[in-house]
> 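One structure, pasted below without further comment.
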There are 2 protein chains.
Amino acid sequence: MKKILAFSALSMATVCTQAQQKPLMGFTPATSAKQLQTEQKFDDAISADRISAALKDLSAYPHHIGSPGGKVVADKILAKFKSYGFDAHIQTYKVLFPTPKTRLLEMTGPTPFTASLKENPLAEDPTSNQDGQLPTYNAWSADGDVTGQLVFVNYGLPDDYDMLAAMGIDVKGKIVIAKYGKSWRGIKPKVAFEHGAIGCIIYSDPKDDGYFAGDVYPKGAYKNETGVQRGSVMDMVIYPGDPLTPGVGATDKAQRLDRKDATTILKIPVLPISYKDAQPLLQSLDGPVAPAEWRGALPFTYHVGPGKSTVHLKLEFNWNLVPAYDVIAKIKGSTYPDEWVMRGNHHDAWVNGADDPLSGQTAMLDEAKAIGDLVKSGWKPKRSIVYCAWDGEEPGLLGSTEFVEDHDRELQQKAVVYINSDDISRGFYHAGGSHALESFMGEVSQSVIDPETKATVGDRAKAHELVTAGSVKARKEIMERKIAPIEALGSGSDFSSFLQHAGVPTLDIGYGGEGPGGEYHSIFDSYADYNKFKDPGSVYSGVLAKTVGHAVLRMADADVLPFDFRNLYTTLDGYRKELVELANNMRETTAQQNQLLKTNAYQLSADPTKHMDAPIAKAEVPAIDFTPLNTSLLALKASAAKLADKTAAAPALAADHKMLNETVYKAEQQLLSPNGLPRRPWYKHSIYAPGFYTGYGVKTMPGIREAIEQRNWEEAKEQIAAVAASINALAVYLDKAAM
Amino acid sequence: MKKILAFSALSMATVCTQAQQKPLMGFTPATSAKQLQTEQKFDDAISADRISAALKDLSAYPHHIGSPGGKVVADKILAKFKSYGFDAHIQTYKVLFPTPKTRLLEMTGPTPFTASLKENPLAEDPTSNQDGQLPTYNAWSADGDVTGQLVFVNYGLPDDYDMLAAMGIDVKGKIVIAKYGKSWRGIKPKVAFEHGAIGCIIYSDPKDDGYFAGDVYPKGAYKNETGVQRGSVMDMVIYPGDPLTPGVGATDKAQRLDRKDATTILKIPVLPISYKDAQPLLQSLDGPVAPAEWRGALPFTYHVGPGKSTVHLKLEFNWNLVPAYDVIAKIKGSTYPDEWVMRGNHHDAWVNGADDPLSGQTAMLDEAKAIGDLVKSGWKPKRSIVYCAWDGEEPGLLGSTEFVEDHDRELQQKAVVYINSDDISRGFYHAGGSHALESFMGEVSQSVIDPETKATVGDRAKAHELVTAGSVKARKEIMERKIAPIEALGSGSDFSSFLQHAGVPTLDIGYGGEGPGGEYHSIFDSYADYNKFKDPGSVYSGVLAKTVGHAVLRMADADVLPFDFRNLYTTLDGYRKELVELANNMRETTAQQNQLLKTNAYQLSADPTKHMDAPIAKAEVPAIDFTPLNTSLLALKASAAKLADKTAAAPALAADHKMLNETVYKAEQQLLSPNGLPRRPWYKHSIYAPGFYTGYGVKTMPGIREAIEQRNWEEAKEQIAAVAASINALAVYLDKAAM
């Protein structure tokens, strides 16, 4: 208990006083002081101007996977790493990547209309009119030629279809139109298909990132009427990466599935459109008025359909194998060359990709330069540092996933940590990842100064959380917090395979909140847009470089690796409480709803002129026995405390802690479940996964949580046992390490 | 306790079983059975077809106060009452009523634009193109000719100006444009004036009652682009009624204020406009983007201003004295002619007024006819029944207020109850008023069958509450409720002076929820609109007639008047808890906010590219001593219980309960506070008043509640004493009655 308090005091203080008073986690007073000097040199070497110039250079042309521009960018990155003194090469995989051959969307009735499917370039944005842009499309849509009545399905999530059913509307044999937002876009066509739809259109409503949200481009940052969000609709919650090579690297010699057997490719045609193209379709709908929460910001009454509005959607794709160029760059460790501190960010974009991915990529390149400068000045990391610029993230984390699948055994042996970033903007620090690294990141976030406020980025993030907290209670909880929390990771960037497939300790670090807009995956994600609206002068890419750089350097040089499993325990126990509450709430809600059904309340309350069925009676929620989970967590609590005592004492002994360190960085693998998650065995982590019906959004303890959400009580019981087994395995493992 | 349980069982049962098993409140088994027979005859006499025909007839022409059409309607109503056998006459007051002489709204920059200030008539609505319509305006606007920069102020309430101040925007010397909604419209220009604005425009955003809400007229019920909500902006929370004669009847000989001394007339020009007229004004605004919750459904980015947009507003009015024709119709009581059961609904409209007020007025007329038929068949009420059709409600409750002020002493002697209605539509029963009548109304609501569901209207209302409850907890509370609650009354209809000035026990009864729309106070509040969208065939006006009719008949014939002060106690004790919680929440919120200010959290969280000041530090909320209130409530609890025992026993005694009844119906007057509310002495009721900054919306225990809300701790203390004194007076009074 005393230790936890000391600890928290540390994470709350500012770096300057801290440094003088207390060594960094995992360092002795002497090595800590030296480390801070190294970090100071590192910081001095970071240049926002250089980052901004690199951003302009690398975003000069479209550079999606498989494109000439993509090869140019990979080669430029390779050359940079080499010039910084890294041992760098390109590792190439061969992956499936569909590009459009035919795109046709027309309304055949009640009023003929053909969608333009085209973004209008702007004189104010010099790269918006280039050749080589990918047309607006969703990768992994099925080929298809379908005609059907149109139905508006809100965000296209399961609850939306429940509402439609209550309104007496079935989408079987129909084409649905869904709004972008609320979930990973790939969930929308998947759920549409599950409900029998034959096609899916996804549009960006101006309420979400168009004129309702703010002034539109180029006056402001938000989506103008022709802007379209491209993007992958791969069913990535089954497995990410090349659909033809699940679980193995997509090397030349890899065995490949037949395309028709690849479960992550969609079964129906899907197409993204602008709100200009969506307007005539939506405005023509009849049928009931859409529920209030479904309505967007277009200037008419939203109806659900179906009715006279009939739509013809024809899509064909080139299903080509293309090279994915992963650039891998290494500085060999002086003491532990086989312990790898890994760092990555993708380099491929949908079009020019100034924000996504280059705001993060250019920060990473500047980190590499600064580390190279340190090496040139005589410094050497104890552990090896491996920088990775991934290709093919946009279509489905292709480059990183194939790399991890190709090297999984080696990574499980050598990878101490994988630190990811992606697109960022001006604003607030945030981090997610393995919770044994929570205190570590709390410390890192106190070592970087926010350029706008001169506070530490950690203090600024906390202030923002406090000010934007939704209630007095929430604010109180934040105030009373001892340790700055990191988020659990779902999916949506290259950390996924490291953490969720290989069990490598993982972090994802970013900045944002002051650079919102509507340029995402459009031709307007350009240098002109980025430098005006997202992060002028790439100042926050510089801040990101310092933040991640400190994390990399500390992980590379720590005497004892700064893992603390007590934080993991606290977090997991929090998830347990959430699950108990989830089940209790479902029990109470179900009982109440059944009582309302019994007393006929829904019929009495309904307007007979409107079709609105009462909810379907559900079986009462049984008692769920969480005892195995409780027991495993108590074991983890004890072992984490023991290990913390040992590691706290360790640096002072000034011995070689290789054995202890190796044990500690491999501990995350104990949380992998041998069978993976139900119906998606690729996902092996028992704590973190993207939600089956949310996509990017994380579900923690996903086996249990989703079983409860789906009311599968038998599976909930099995999954409680499975998660408890993982946690028990970790507890036993840590116990041994603490001996 | 046993009695309360018996009681609740009663209110939950259906009318049929009830009738056989238990006498009605205040009746013996014998008189109860007879009463139910009378009600059956009454119900049989109600005719929705006749109501619908009267609706069409009375809404055939514009009939605002002072208009030829208004006189015709008053005369027709008088003739009807007479033909039903009532002793009827018109009582005339002379009241101020401004009508427009000049209306000009133009934008002088950045783009010249002149507002049309005109609703476009529709071929589908035959009365929408008539002569004699009042132009679109707000009554009691000041005369004025002002030019200034335009600022968008959301709904124009105090919080909105706090937000503007934080954004660095001052409205001094500027013209504001506010959305209709969230408050009584008169609050908007009043608050604008308090903040230094020189003019106020109010418009109907399509988000609130236009195309966002549903299909627009004539396809649907919602406001089309030229629809305008007329309405009064009198500062009615100071006093309602004729501005020149506060506190006294506006008879010929009444002393009148100089118009400039009438505090309820606005100080700046105010004008309502359509969203078609508002669009160019709002679209031209620059300055910061409006906060997300402020934005409406027009298809552009809402900005706040000020900037280049400059507006010229010129308004002049005819300030005429006009006659207000109150139609008063009476059936003399057989046993207690000096005990009056009063019933009212206004007859004046802004234009044709099919919904407002005729949906309620025609119901009331059919009640009168059915009562007349009963009388013709030989039945006589024990108490006198007085039906009132008020004029001039729309500009500010003129007719009813002048009547009450003119007859206040007599009413305090004779009025057993005043039962009000106003516009209604298809949907759910609701009632508000004096809480000693809560159980009574629970019983009444179980005596009427809903035509759509065949449930009692009480059961249907409860089912609707259950289904639409916002949380599991709220739903649970509704399920566990013993007595159907009635709402506390604020303002907005003719009950105000009866309850809040004279202390007459009051009820307000209505139906709604299935007939929303945008026709309110526009030329489209027509028979065509009403019969299509609000209540086809006036079916629910028939239901209202039965509901109110039962209440009138039971109050007229009860052996012991059905007041139960135990419900009043429970309600008041609930208000006390709310006030304690309000103070506690303010205390916690204030302390937390001050702590955030101390740690600089607002500055750290703010985006330096945007102007957003931290909130101003507020003094901590002191401990507030509610003991006097607690003590008075305990006294009331005891005396209410004693009186309940006596009244429960009374009917069985079959004696004449004149004394008891008189005492009981005058009890509400004990809650009048001699000095009235702070800064608005006309409002004498210590429990119910319209909110000083909400208007229609009620504030219960307003003296205390508003003092706390305004952080006036000294006044809160005084008002706790004042309210406690009222409650104590009532407790002593009831104690005497119970002896």
Side-chain angles (χ1 to χ4, degrees), chain A residues 206-207 210-216 219-220 222 289 292 295-303 426-428 450 452-455 459-469 472-473 475-476 479 513-514 536 585 588-589 592-593 595-596 599-610 614, chain B residues 206-207 210-216 219-220 222 289 292 295-303 426-428 450 452-455 459-469 472-473 475-476 479 513-514 536 585 588-589 592-593 595-596 599-610 614:
Chain A
K207 176 106 181 249
Y211 56 72
F212 181 88
D215 290 317
V216 302
K219 184 186 176 194
Y222 289 93
V289 172
R295 302 170 201 161
L298 291 169
F300 49 78
T301 306
Y302 284 62
H303 287 251
R426 216 161 55 80
F428 307 96
D450 172 69
E452 291 179 345
T453 60
K454 314 305 173 204
D459 283 351
R460 188 180 192 214
K462 184 173 179 175
H464 188 60
E465 260 197 282
L466 280 169
V467 168
T468 56
V472 166
K473 187 168 166 256
R475 199 169 281 124
K476 206 171 160 194
M479 283 177 166
E514 294 180 332
N585 286 347
E588 193 170 10
T589 309
Q592 210 176 53
Q593 187 172 298
Q595 196 175 342
L596 259 58
T599 58
N600 218 25
Y602 293 100
Q603 276 94 330
L604 291 188
S605 174
D607 184 337
T609 67
K610 289 177 183 151
Chain B
K207 177 108 180 246
Y211 55 72
F212 181 88
D215 290 316
V216 301
K219 184 186 175 194
Y222 289 93
V289 172
R295 302 170 201 160
L298 291 168
F300 49 78
T301 308
Y302 283 62
H303 288 252
R426 214 163 55 81
F428 308 96
D450 173 69
E452 290 179 345
T453 60
K454 315 304 173 205
D459 284 350
R460 188 179 192 214
K462 183 172 181 177
H464 188 58
E465 260 197 282
L466 280 169
V467 169
T468 56
V472 166
K473 187 167 165 259
R475 199 168 284 125
K476 206 171 159 192
M479 282 176 166
E514 294 180 333
N585 286 347
E588 191 170 13
T589 308
Q592 209 176 55
Q593 187 173 297
Q595 196 175 341
L596 260 58
T599 58
N600 219 24
Y602 292 101
Q603 276 93 331
L604 291 187
S605 172
D607 184 338
T609 67
K610 291 179 181 149

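Throughout, protein chains are lettered first and strands after them, A, B, ... in sequence-line order, and every chain is numbered starting at 1.
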> Which answer fits A/Gln603, side chain, backbone, both or neither, if we ask what part of it has an atom under 4.5 Å from a heavy atom of chain B?
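Looking at A/Gln603, just its backbone touches chain B.
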
> Identify which part of A/Val467 has an atom lying under 4.5 Å from any heavy atom of chain B, answering side chain, backbone, both or neither.
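Both the backbone and the side chain of A/Val467 come within 4.5 Å of chain B.
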
> Answer with side chain, backbone, both or neither: which region of A/Lys476 has an atom nearer than 4.5 Å to a non-hydrogen atom of chain B?
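Looking at A/Lys476, backbone and side chain both touch chain B.
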
> Return yes if some donor-acceptor pair links the side-chain N/O of A/Arg295 with the main-chain N/O of B/Phe212 below 3.5 Å, else return no.
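Answer holds: yes.
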
> Counting heavy-atom pairs under 4.5 Å with chain B, which one of A/Ala606, A/Gly513, A/Gly427 comes out on top?
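Option with the top pair count is A/Ala606.
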
> Which pair of non-hydrogen atoms, one from A/Lys462 and one from A/Met479, has the smallest distance, and what is that distance?
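Heavy-atom minimum between the residues: NZ-O, 4.2 Å.
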
> Report the option among B/Asn585, B/Val472, B/Leu466 that has the most heavy-atom pairs separated by less than 4.5 Å from atoms of chain A.
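Heavy-atom pair counts peak at B/Val472.
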
> Under 4.5 Å, counting heavy-atom pairs only, tell me which of B/Val289, B/Thr453, B/Asp450, B/Leu596 racks up the most with chain A.
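Heavy-atom pairs under 4.5 Å are most numerous for B/Leu596.
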
> Looking only at heavy atoms and a cut-off of under 4.5 Å, which of B/Glu465, B/Lys219, B/Glu588 has the most pairs with chain A?
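Among B/Glu465, B/Lys219, B/Glu588, the one with the most close pairs to chain A is B/Glu588.
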
> Are B/His303 and A/Asp215 packed together at the side-chain level, in the sense that at least one heavy-atom pair is separated by less than 4.5 angstrom?
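With C-beta onward as the side chain, the pair touches.
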
> Given the options B/Ala614, B/Ala297, B/Gly296, B/Ala213, which has more heavy-atom pairs under 4.5 Å with chain A than any of the others?
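Of the candidates given, the most pairs with chain A belong to B/Ala213.
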
> Provide the closest heavy-atom pair for B/Ala601 versus A/Ala463 in the form atom of the first, atom of the second, distance.
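So the two residues come closest at O-CB, 3.6 Å.
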
> Main chain of A/Ala455, side chain of A/Arg460: is a donor-acceptor contact present, judged purely on distance under 3.5 Å?
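No: the side chain of A/Arg460 does not pair with the backbone of A/Ala455.
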
> Ignoring hydrogens, what is the shortest heavy-atom contact between B/Arg475 and B/Ala469? Give both atom names and the distance.
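Smallest heavy-atom distance, with atoms named: NH2-O, 3.1 Å.
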
> To check you understand the geometry: which heavy-atom pair defines the closest contact between A/Glu514 and B/Ser605, and what is its length?
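Closest approach of A/Glu514 to B/Ser605: OE2-O, 4.5 Å.
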
> Out of A/Asp607, A/Thr599, A/Thr609, A/Leu298, return the one with the most heavy atom pairs under 4.5 angstrom to chain B.
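Option with the top pair count is A/Asp607.
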
> Using heavy-atom distances under 4.5 Å, tell me whether A/Phe428 contacts chain B through its side chain, its backbone, both, or neither.
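For A/Phe428, side-chain heavy atoms alone lie under 4.5 Å from chain B.
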
> Give, as side chain, backbone, both or neither, the part of A/Phe300 having an atom under 4.5 angstrom from any heavy atom of chain B.
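Only the backbone of A/Phe300 comes within 4.5 Å of chain B.
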
> Between A/Ala461 and chain B, which part of the residue has a heavy atom less than 4.5 Å away: side chain, backbone, both or neither?
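Contact with chain B involves no heavy atom of A/Ala461 at all.
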
> Would you mind checking which part of A/Pro206 comes under 4.5 Å of any heavy atom in chain B, side chain (CB onward), backbone (N, CA, C, O), both or neither?
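Interface part for A/Pro206: neither.
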
